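Counting starts at 1 for both ligands and their atoms, following the listed order. None of the values given here were measured: they were computed from a predicted structure.
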Amino acid sequence: MPFIHIPPSWQLPEKLVTSEASFLNRRQFIKGLVGAGIAGSALPLVGCRSQASESEAIVGVKPIQAQLNSAFEDAGRPLTNEVLAATYNNFYEFGSTKNIWQAAQSLPTDDWTIEVSGLVRNPKTYNMDDLMGRFPLEERIYRFRCVEAWAMVVPWLGFPMRLLMDEVEPTSGARYVRFTSFYDSQITKGPSFPPAGFLPWPYTEGLTIEEMANDLSFFAVGIYGHTLPKQHGAPIRMVVPWKYGFKGAKSIAKIEFIDYQPATYWNTLNANEYKFESNVEPEVPHPRWSQSTEKLIGPGSQFEWEQVPTLVYNGYGDYVADLYA
Ligand SMILES: Nc1nc2c(c(=O)[nH]1)N[C@H]1C(S)=C(S)[C@@H](COP(=O)(O)O)O[C@H]1N2
Ligand SMILES: [Mo]
């Protein structure tokens, strides 16, 4: 029983100003529930926080040997503290607070498989040993920018998405790719509000074929020198650093090559706030907050941070601007 202590808890601020989820508990939504006759059980969001030590929050990981890619050895900003990155997460399958690292430990990652299917010449189902042995693993230090206007800098370990594409060979009809995260309603219970039936599970994300083939697009199987802790999206997640963080689906179970733009989780919930493309664009405000600056979390806690300007394409324009010309 690793987590038997009872952490101190208190109520979260009524509404975090820049929360992706906060529109979910607005009056409008509650009115909808009243209509459906189930509002009586709706409670305000209550969260608990606990102090995490390194040994508590970063568990079940194994070291990974990988070459640092010299093109991505300097993000121009300090690396985020590892424990901080592992204890300030978004993973709605386990709740809508930043403090889900503990709940995420129930994600079952043994015997993981990833099905790659759709418009490809060589459909395949991989297990993690397959994947990690098949492609040379490298380390890349990327800036990371959540649409909620906080940012980090993290060292990912993994391989370019392009290598997987080369193997499965998308056909000429493949124009988009849908990525589907692990979902099991008994395990990934989601936030306590709104009820699971109101959320478009499983979590899905999408890219165009050209975006997936871009040099930056990466499958991460590790972070900070070891495999991914569950809260970061073990055992494999997407990393697309010129887009807002929600585009990087965690704990990928299925990858499908398709000929239409797929519906995605946040875009389905609120298309006005979360566009399919969602590149980092400082000049384009989120309907509920500005995107012109961001808070760089750390060094020591989420309450110590530096306000820095947001960079166009999160500073990766040299790699991706051509995609949108
Ligand atoms: N399956 C899944 N993937 C997800 C999310 C999620 O809730 N579920 N949250 C996204 C959001 S909003 C962000 S900012 C990043 C957070 O990644 P991190 O917790 O590893 O920093 O994961 C993204 N991928
Ligand atoms: Mo996010």
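- No hydrogens or angles considered: nothing links the side chains of Arg288 and Thr18 as a donor-acceptor pair under 3.5 Å.
- The pair Glu205-Arg178 fails the salt-bridge criterion, with no side-chain N (NZ, NE, NH1 or NH2) lying under 4.0 Å from an Asp/Glu carboxylate O.
- Contact residues for ligand 1 (protein heavy atom closer than 4.0 angstrom to any ligand atom): Glu20, Asn89, Asn90, Phe91, Tyr92, Glu93, Phe144, Cys146, Trp150, Ser181, Tyr203, His232, Arg237, Gly245, Phe246, Gly248, Ala249, Lys250.
- Not less than 6.0 angstrom separates the ring centroid of Phe94 from the ring centroid of Trp101.
- Less than 6.0 angstrom separates the ring centroid of Tyr142 from the ring centroid of Tyr316.
- Across Tyr183, Tyr203, Phe91, a single residue satisfies ring-ring contact (aromatic ring centres under 6.0 Å, His included) together with Tyr265, and that is Tyr203.
- The six-membered or imidazole ring of Phe246 lies near that of Tyr274, with a centre-to-centre distance under 6.0 Å.
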